[in-house]
Every structure is written in C-alpha cells, then in structure tokens.
Student: 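Dumping the structure here so I can ask a few things about it.
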Amino acid sequence: MAVRELWLVRHGESIGNIAATRAEIEGLDVIPLDVRDADVPLSGTGQEQAAALGAWLAGHRDDIDLYWVSPYARARETLAIALGDGVPGPPDGAAGPRVFVDERLRDRELGILDLLTRQGVARLHPEEFSRRRHLGKFYHRPPGGESWADVALRLRSFLREALESGPDTAMLVVHDAVVMLLLYILLPLREDELLSFADDHTVLNASITHLVRADAGWKLAAFSDVAHLQREGADVTAHPGDPDVQPR
C-alpha cells in the first residue's frame, strides 16, 4: 500500500445508538427502531460531534489527501457535516477533497439478530446464544449476518484495492467494529489479542484513531481520541454499536 498514514473515524452518535443503549438498560428484547440499519441518521449530539470533527479537520486539511466513507447514512452524514456538506473551499484554487463511498466499509450485518438486545438474543434465539458462546465472537456468524472474520475478509479486499496505489494519507469514516478489525489486519493482531483489546477499549462516537506506517509495519499512534470533542464542547458518548465489540 502506498498510503503511509491513516485516520480512522467512527461516525457520530446515531439515533440507533441511543435506542440500543436504552433498550439494554430497560431490559427489552427488541430495540424499538423502525428504520433499516443503513438509513439510521445521527442524533442531535452526533451532529454536534461531527461539527467538532470539522473543527479538527480545519487544522488538518493539508494532512489528508483522500476520504473513504461507509455507505451507511450515519457515516456519510458525519463526514458531510465535518467537510461542510462535502463542499469546502479548496485552498489556492486546488481541487476539493476526494471523497469515495465503499460498501465494504459498511457496519457488520447481524442477520436474524438485528435489532435484538443481548437479552433478546438469549431469550428469542437461545440456539444462537449457545453457538456464540461455543464459537466465540470472532467466528460466530448469525444466520443471514456476518462474523467478525467475514468483515475482516471484505476489509482485506478494500485495503488491497483502494490503498495500494493511493495518496500518502487518508481518512476513513466508518463504524466501531470496522475500526477494530482494521487494527486487527494492519497492526496485525492475533484473534486473542484483538478480543482482549476489544474487551478493554471502546471506539467512541466521532473519535479519531491514528495509524502510521513505518518500515517495520503499521503502528498505532492514537486510539479513540476525543480531545477535539472536548475542545469544542461536544458530548463524549460511549455507545458500543456492535454488541460483540464490548458487552453493554
């Protein structure tokens, strides 16, 4: 890969994040959300977080040559707000930022477990709950959904194709499981190392994870940094979007 510096951003808080966390707290089986996952928008707080990301980008515009974003609405909205609706004023007449949408960067698909809380999975699909305990969260694939390993496969395809002849620096606006699995691929980590890291760390909404490529390989320079949110007075929110990233 030609890219030597990556900025990984999780989307801002979404209405789905709020609904999922509330459903877990209230002990519901099903998350009360009537929009498909791909169309879930940001919450008001998520929009403020995206604007705070924009303030950070204003000071780093020259550091980022290319933007990749998940096709899901919450990720595209985060980047659009941060870039000023994707139409920032290019300096000195130069071309504006290059933004590309790639479906391989979408969130993990949960299949029949979509919109179920952890309690809901255990009560409504006890066989899947048992399979998950037996296989572990890296290899468990819900019917109609994806395992973490499946997501890693499509991310390997993306990295080979999109970044091998890209510019020097790029930003990806994606989802928490995608950030975790990019670290798994690039650092690289073993399965047990990834799961241990995920148990102890959360990819916060609108946080920035920074990877730098040296001769010896990729190094993690910063993980889930939210200093830009704190500077701009935006709330820091810790919703694990993927129930297998970290227990709620």
Side-chain angles (χ1 to χ4, degrees), residues 1-14 42 45-102 104-105 155 158-159 162-176 178-183 185-187 201-215 217-238 241:
M1 292 182 294
V3 174
R4 302 192 65 84
E5 195 168 9
L6 281 173
W7 306 87
L8 310 179
V9 175
R10 184 188 177 192
H11 61 79
E13 181 189 69
S14 71
L42 295 180
T45 294
Q47 293 173 349
E48 293 174 358
Q49 292 169 338
L53 175 64
W56 181 91
L57 277 176
H60 293 77
R61 190 64 57 84
D62 293 339
D63 300 332
I64 300 171
D65 303 311
L66 182 69
Y67 298 84
W68 290 94
V69 62
S70 161
Y72 282 18
R74 53 192 179 273
R76 290 188 290 105
E77 187 179 357
T78 298
L79 183 58
I81 292 173
L83 290 177
D85 282 334
V87 193
D92 301 326
R98 292 182 289 167
V99 177
F100 297 94
V101 178
D102 196 295
R104 290 169 293 185
L105 299 176
L155 292 177
F158 168 81
L159 291 170
L163 302 183
E164 63 184 5
S165 59
D168 194 54
T169 61
M171 174 175 280
L172 278 61
V173 181
V174 290
H175 310 270
D176 54 346
V178 173
V179 172
M180 284 290 186
L181 288 164
L182 286 168
L183 297 183
I185 295 168
L186 293 173
L187 289 180
H201 298 80
T202 298
V203 185
L204 301 173
N205 291 115
S207 64
I208 300 172
T209 294
H210 186 200
L211 287 164
V212 178
R213 189 183 187 189
D215 292 339
W218 289 93
K219 301 296 182 183
L220 183 61
F223 175 78
S224 193
D225 183 14
V226 291
H228 55 292
L229 302 184
Q230 297 166 333
R231 282 195 302 271
E232 299 300 319
D235 288 343
V236 175
T237 53

Student: Would you call Gln47 and Glu77 a side-chain contact if the rule is heavy atoms closer than 4.5 Å?
Tutor: yes

Student: Which atom pair, heavy atoms only, marks the closest approach of Leu79 to Tyr67?
Tutor: CD1-CD2, 3.8 Å

Student: Side chains of Thr169 and Asp65 only: does a donor on one sit below 3.5 Å from an acceptor on the other?
Tutor: yes

Student: Calculate, to the nearest 0.5 Å, the distance between atoms CD and CG belonging to Glu13 and Leu42 respectively.
Tutor: 9.0 Å

Student: Heavy atoms only: give me the nearest Val226-Asn205 pair and the separation to one decimal.
Tutor: CG1-O, 4.5 Å

Student: Within the structure provided, determine whether Met171 and Trp68 are in side-chain contact (heavy-atom separation under 4.5 Å).
Tutor: no

Student: What is the minimum heavy-atom distance between Ala51 and Ile81, and which atoms define it?
Tutor: N-CG2, 3.7 Å

Student: Any chance you could measure Arg74, atom CZ, to Arg10, atom CZ, to the nearest 0.5 Å?
Tutor: 8.5 Å

Student: Is there side-chain contact between Ile185 and Leu159, with at least one heavy-atom pair below 4.5 Å?
Tutor: yes

Student: Specify the closest pair of heavy atoms between Ser224 and Thr209, including all atoms of both residues, with the distance to one decimal.
Tutor: N-OG1, 3.0 Å

Student: On the 0 to 90° scale, with breaks at 30° and 60°, tag the Phe223-His201 ring pair as parallel, tilted or perpendicular.
Tutor: perpendicular

Student: Before giving the answer on side chain to side chain contact (heavy atoms under 4.5 Å, CB included), spell out for Val203 and Met180 the whole-Å C-alpha distance, their side-chain angles and the decisive distance to 0.1 Å.
Tutor: CA-CA 8 Å; Val203 185; Met180 284 290 186; 4.0 Å; yes

Student: Side chains of Val212 and Trp218: closer than 4.5 Å at any heavy-atom pair?
Tutor: no

Student: Before giving the answer on side chain to side chain contact (heavy atoms under 4.5 Å, CB included), spell out for His210 and Glu5 the whole-Å C-alpha distance, their side-chain angles and the decisive distance to 0.1 Å.
Tutor: CA-CA 8 Å; His210 186 200; Glu5 195 168 9; 2.6 Å; yes

Student: Taking atom types as modelled, is there a side-chain donor on Gln49 or Glu232 under 3.5 Å from an acceptor on the other?
Tutor: no

Student: Are side-chain heavy atoms of Arg98 and Pro167 found at a separation under 4.5 Å?
Tutor: yes

Student: What are the two closest heavy atoms between His228 and Leu53, and how far apart are they?
Tutor: CD2-CA, 3.9 Å

Student: Assess whether side chain to side chain contact (heavy atoms under 4.5 Å, CB included) is satisfied between Asp235 and Leu229, documenting all intermediate values.
Tutor: CA-CA 7 Å; Asp235 288 343; Leu229 302 184; over 6 Å; no

Student: Verify, without hydrogens or angle tests, whether Thr78 (side chain) and Gly12 (backbone) share a donor-acceptor contact under 3.5 angstrom.
Tutor: yes

Student: May I have the step-by-step check of side chain to side chain contact (heavy atoms under 4.5 Å, CB included) for Val9 and Leu172, ending in yes or no?
Tutor: CA-CA 6 Å; Val9 175; Leu172 278 61; over 6 Å; no

Student: Quick one: does Leu182's side chain get under 4.5 Å of Leu8's, heavy atoms only?
Tutor: yes

Student: Check whether the side chains of Asp225 and Ser207 place a donor and an acceptor atom closer than 3.5 Å, and report yes or no.
Tutor: no

Student: Side chains of Leu186 and Leu6, heavy atoms from C-beta outward: is any pair under 4.5 Å?
Tutor: yes

Student: Closest heavy-atom contact between Leu105 and Ser70?
Tutor: O-CB, 3.3 Å

Student: Are the ring centres of Trp56 and Trp7 closer than 6.0 Å?
Tutor: yes

Student: Does a side-chain heavy-atom distance below 4.5 Å link Leu211 with Leu183?
Tutor: yes

